[in-house]
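Remember, predicted model here, so these are calculated numbers, not experimental data.
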Protein chains: 2
Amino acid sequence: METTWAHQLREAGLRVTRPRLSVLGVLAQHPHADADTIVTGAREQHPSLSPQAVYGVLKAFVAAGIARRIEPAGAPALFELRVGDNHHHLVCRSCGAVADVDCTVGAAPCLTPSDTAGFVIDEAEVVFWGLCRQCHDRDRQVAVGAEAVQFEQHEIRGGARA
Amino acid sequence: METTWAHQLREAGLRVTRPRLSVLGVLAQHPHADADTIVTGAREQHPSLSPQAVYGVLKAFVAAGIARRIEPAGAPALFELRVGDNHHHLVCRSCGAVADVDCTVGAAPCLTPSDTAGFVIDEAEVVFWGLCRQCHDRDRQVAVGAEAVQFEQHEIRGGARA
DNA sequence: ATCCTTGTCTTGACTAGTTCAAAACAAGGC
DNA sequence: GCCTTGTTTTGAACTAGTCAAGACAAGGAT
C-alpha cells in the first residue's frame, strides 16, 4: 500500500516524503476530508506535522492532479483522491456528509448549458444538496418519538459536526 | 423603482430602510455582486454604511427569500436577486465574471442523480467553469499579437480582478 | 401628529480558514 | 556519501465573515 502511494507520487513528479504518505493515507480512509481532519489523521503517523505542511502537501497534490479540491458553500474545503472521472457530489445540509455520484445523467446534460453566453466551458460541477439518510431519519425520529438509532457514524469529513 | 423596492421589502415582511434600499439598488445594477462591491456601491447613496450592516441586510434578504447567495469555489460569496427559478451559473476562472444560465437541460437531469446514496435531495446546484469571452480572447491575443481590444468591461462583481 | 415597541443599524472585537515568506531540512541524482 | 533542489517548519499575516451590545429609526397604536 505504502509502496503504491510512493509510486503514485513519483509518477506525478513529486518526491516521496513522510508527510505526503501520511496525507495520502488519511485521504484513502476519508474520501472527503477537510484540512483539519487530514492534519489530525496524519499526525497519528507523523505527530509533529504542521497544518501548513498539510496545506502545502494538498496544494502540491492538486497541482499534480492526484487530488481534487471541492468547496461546498459554507464549509471548509474538502479533498479527494478520485480525480479525472467527472463525478459529482451529494452534500448533506445538516451534517456536511458528502457522497459521490457518478455522472450518469449522460455526458451531454452534464457538460452543455443551453446558452454559454460566450463562455468557453471546460468543466461542469454539480452539487446536490439535501439530507443524508441519517439526518433525515433523525429528523423524523424527533417527530415520531425516537426509535432505536440504528445508524453508525457515516462517512463525514472526519470530525463531523453531527 | 424605489417604491418597487419598498414594496418588495414589505411583501417579504421586512422594514423599509435606507441601507436595504441602497443594497437593492446595487444588486439591480450588479446582478452578481460580492459583499465588498455592495458596500462600495451602496455607500454612494449612504456613505456611512458599514460592512456589517450590509452583511446583516444580505442575511435578511437571503432569509426572506428575496436574494440568493452563491459561493463559487475560491471566491467570496456573491448575491443575486434572481430567485426561485433554479437557474445556474457560468463562472470565469480568470476574471471571476458570472453569467446566468437557465436550467434548460430539462428538469429531470438537473435534479436527479443516478444514485442518491440514501440522500433526500432538495436542490441541484450547477456551476459551469471556463473562460468568459473577454478572457478567452485576451489569451488568444497574447498569442496572436494583440488585435483591437473591442470588448467593454463585462459584468463582473463590481470591482473585478481582471 | 406623537409615542412606543421592536426590528435594524452601528461600533468594535473576534474567529476560522487559508496563505505567505524565510530559514531549516531531507530526497534522490551524481 | 555529497550536493542540489524541492519540502517542510516556524511564525506571522490576511481575508471573509460572525457575534454582541447599545444606539437608533420604522411604522403601528394612541
Side-chain angles (χ1 to χ4, degrees), chain A residues 2-3 5-24 33-40 42-43 45-64 66-67 69-79 96 157-159 161, chain B residues 2-3 5-24 33-40 42-43 45-64 66-67 69-79 96 157-159 161:
Chain A
E2 295 282 314
T3 47
W5 299 147
H7 198 71
Q8 266 200 271
L9 287 171
R10 285 205 194 82
E11 288 226 318
L14 296 171
R15 286 188 183 169
V16 179
T17 67
R18 189 120 147 279
R20 286 175 178 177
L21 293 173
S22 308
V23 170
L24 281 174
D34 62 17
D36 193 56
T37 300
I38 297 170
V39 171
T40 307
R43 278 183 175 157
Q45 299 171 58
H46 188 155
S48 70
L49 195 64
S50 68
Q52 290 78 346
V54 170
Y55 278 112
V57 168
L58 292 171
K59 202 171 186 178
F61 284 5
V62 172
I66 64 175
R69 177 186 191 133
I70 58 179
E71 302 184 40
L78 307 178
F79 297 86
R157 2 14 185 293
R161 34 171 170 135
Chain B
E2 295 282 314
T3 47
W5 299 147
H7 198 71
Q8 266 199 271
L9 287 172
R10 286 207 192 82
E11 287 226 317
L14 297 170
R15 285 189 184 167
V16 179
T17 68
R18 188 118 148 280
R20 287 174 179 178
L21 293 173
S22 308
V23 170
L24 281 175
D34 62 17
D36 192 56
T37 301
I38 296 170
V39 171
T40 307
R43 278 184 175 157
Q45 298 171 60
H46 189 156
S48 69
L49 195 64
S50 68
Q52 290 78 347
V54 170
Y55 279 112
V57 168
L58 291 171
K59 203 171 186 179
F61 283 5
V62 171
I66 63 175
R69 177 185 190 135
I70 58 179
E71 302 185 39
L78 306 179
F79 297 85
R157 359 29 179 296
R161 34 172 167 131

- Given DNA chain C, 5'-ward residue of the pair V57(B) and R15(B), judged by closest heavy atom: R15(B)
- Note on the structure: Winner on side-chain proximity to P76(B), out of dG28(C), dA16(D), dT8(D), is dA16(D)
- Does a nitrogen or oxygen in the side chain of T17(A) sit under 4.0 Å from OP1 or OP2 of dG6(D)? no
- Message: Whole angstroms only, please: what is the CZ-P distance between R69(B) and dT18(D)?
- Response: 5 Å
- Message: Side-chain N or O of Y55(B) versus OP1/OP2 of dG17(D): is the shortest distance under 4.0 Å?
- Response: yes
- Is there a side-chain polar atom (N or O) of K59(B) under 4.0 Å from OP1 or OP2 of dC9(C)? no
- So which nucleotide from dT9(D), dG27(D), dT10(C) ends up closest to the side chain of S50(A)? dT9(D)
- Indicate, with a heavy-atom threshold strictly under 4.0 Å, whether A77(A) touches base, sugar-phosphate, or nothing. sugar-phosphate
- Message: Any heavy-atom pair between the side chains of F61(A) and R69(A) that's under 4.5 Å?
- Response: no
- Message: Any donor-acceptor pair, under 3.5 Å, between the side chain of Q52(A) and the base of dG11(D), if you only look at N and O atoms?
- Response: yes
- Which nucleotide in the list dA16(D), dT18(C), dC20(C) gets nearest to the side chain of A35(A)? dT18(C)
- CD1 of I38(A) versus P of dG17(C): gap in Å, rounded? 13 Å
- Give a yes/no on whether any side-chain N or O of R20(B) is located under 4.0 angstrom from OP1 or OP2 of dC9(C). yes
- Message: Could you report the tightest heavy-atom contact between R15(A) and L9(A), atom names first, then the distance?
- Response: O-CD1, 4.2 Å
- Query: Are any of H46(A)'s side-chain N or O atoms less than 4.0 Å away from OP1 or OP2 of dT9(D)?
  - Reply: yes
